[in-house]
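Just so we're on the same page: letters track the sequence lines, and every chain starts at 1.
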Protein chains: 2
Amino acid sequence: MSGYAPSEAARRSGFSLDTLRYYEKIGLLADVERTAGGQRVFTDDDLGWLVLFRCLRDTGMPIAQMRRYAQLARDGEHTTDERHELLCHHAARVEEQMRLLQRQYDHLREKIRFYEGLPGTAPGSEAG
Amino acid sequence: MSGYAPSEAARRSGFSLDTLRYYEKIGLLADVERTAGGQRVFTDDDLGWLVLFRCLRDTGMPIAQMRRYAQLARDGEHTTDERHELLCHHAARVEEQMRLLQRQYDHLREKIRFYEGLPGTAPGSEAG
DNA sequence: CTCCAACCTGGAGCGCGCTCCAGGTCAAGC
DNA sequence: GCTTGACCTGGAGCGCGCTCCAGGTTGGAG
């Protein structure tokens, strides 16, 4: 069950080996277990964190904030409120991001419609 | 109607003065008109381009591709097919981006639900 | 005519998030 | 035991998209 070689962890998480090492180096991923010889062994727990990091990264959270979250989690149960709040704030930002993306996507579609000769919109100021 | 000072163009477009100069320098914005003394005068047309650039930028198009699009537009009418295609490809990428964002947002919401003690999900591997 | 805020230029610098490298170590298979 | 590919470290480098700076010019208000 538990105990993945770096390459396996990379494959499963979708992060590169360098990124995994980087995440540990900057203290995002807590110190990863090692073999006697010093090679990393990733646990299911580590993998769980990586899934979370991918989620947060894909939704645009800066690394500094992920670090903060991870640190809070390491600090123990009494930080759950703060972690909850952090995620809620982030979710609100993601919602805003989704609205903006949708709006600009609509603009883009309008522009494309213009190229397809369908009316629907006056060309507006000429920009390509 | 036409003829905006740099600060006005910045205000209207939401780009900084430095960014406007940068966009011209790299050939994204075509050569902007100047006063006798060399100060920029932005036209409605320029503003139209800036609106488009904001749309493309907000949807994640790299500057190199925006440049390509702008160059095609400058090259004339016979590039409309290619421009259309470029925008369509981009729109497809944006759709994928929106799906990913939605998916990860759902994950995030699930995580938040977990903090709120509502069941709905097993905690899964412990990651904060 | 004077002033000063807004503008100009070329070029350096930055913040982010990795990515790559050199030079060395580890460990599984033969 | 030897080979070989995966792994280790510290640190430099990169690509993107700006952002800032110094030192000089412009141009509208008073």
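Checked for salt-bridge contact, A/D106 and A/R109 miss the test: no charged N lies under 4.0 Å from a carboxylate O.
Which of D/dC18, D/dC7, C/dG17 sits closest to the side chain of A/P6 comes down to D/dC7. Nearest to the side-chain atoms of A/S7 among the listed nucleotides D/dC7, C/dG11, C/dC8 stands D/dC7. The side chain of B/Y22 sits closest to D/dG17 out of D/dG17, D/dG10, D/dC7. With distances taken from any side-chain atom of B/T35 to the nucleotides D/dG27, D/dA6, C/dC7, the minimum falls on D/dG27. Of the candidates D/dC8, D/dC18, D/dT19, the closest approach to any side-chain atom of B/Y23 belongs to D/dC18.
Across all strands shown, B/R40 has heavy atoms under 4.0 Å from sugar-phosphate atoms exclusively, and none from any base. Counting any heavy atom pair closer than 4.0 Å across all strands shown, A/A36 reaches no nucleic acid atom. Using a 4.0 Å heavy-atom distance criterion, A/F15 is classed as making no nucleic acid contact.
Separating the CZ atom of A/R34 from the C1' atom of D/dT9 is a distance of 10 Å, rounded to the nearest angstrom. For the pair A/K25 NZ and D/dA12 P, the interatomic distance rounds to 11 Å; values are reported in whole Å. A/L56 places its CG atom 17 Å from the P atom of C/dC16, with the value rounded to the nearest Å. Between the P atom of D/dC18 and the CD atom of B/E24 lies a distance of 16 Å, rounded to the nearest Å. Following rounding to the nearest Å, A/R21 (CZ) and D/dG10 (P) show an atom-to-atom distance of 12 Å. To the nearest angstrom, C1' of D/dC18 lies 8 Å from CD1 of B/I63. One can place CG of A/L17 at 10 Å from P of D/dA6, the figure rounded to the nearest angstrom. One atom, CD1 of A/I26, and another, P of D/dG11, lie 17 Å apart when rounded to the nearest Å.
A heavy-atom distance below 4.5 Å is not found between the side chains of B/D46 and B/V41. Put simply, the side chain of A/Y69 reaches to within 4.5 Å of the side chain of A/L52, judged on heavy atoms. Using a 4.5 Å heavy-atom threshold, the side chains of A/E116 and B/H84 count as touching.
One finds a side-chain N or O of A/S16 lying less than 4.0 angstrom from the OP1 or OP2 phosphate oxygen of C/dT19.
Looking only at atom types and distance, the side chain of A/Q97 has no donor-acceptor partner in the side chain of B/Y105 under 3.5 Å away.
In terms of position on DNA chain D, the residue among B/Q39 and B/M66 whose nearest nucleotide sits closer to the 5' end is B/M66.
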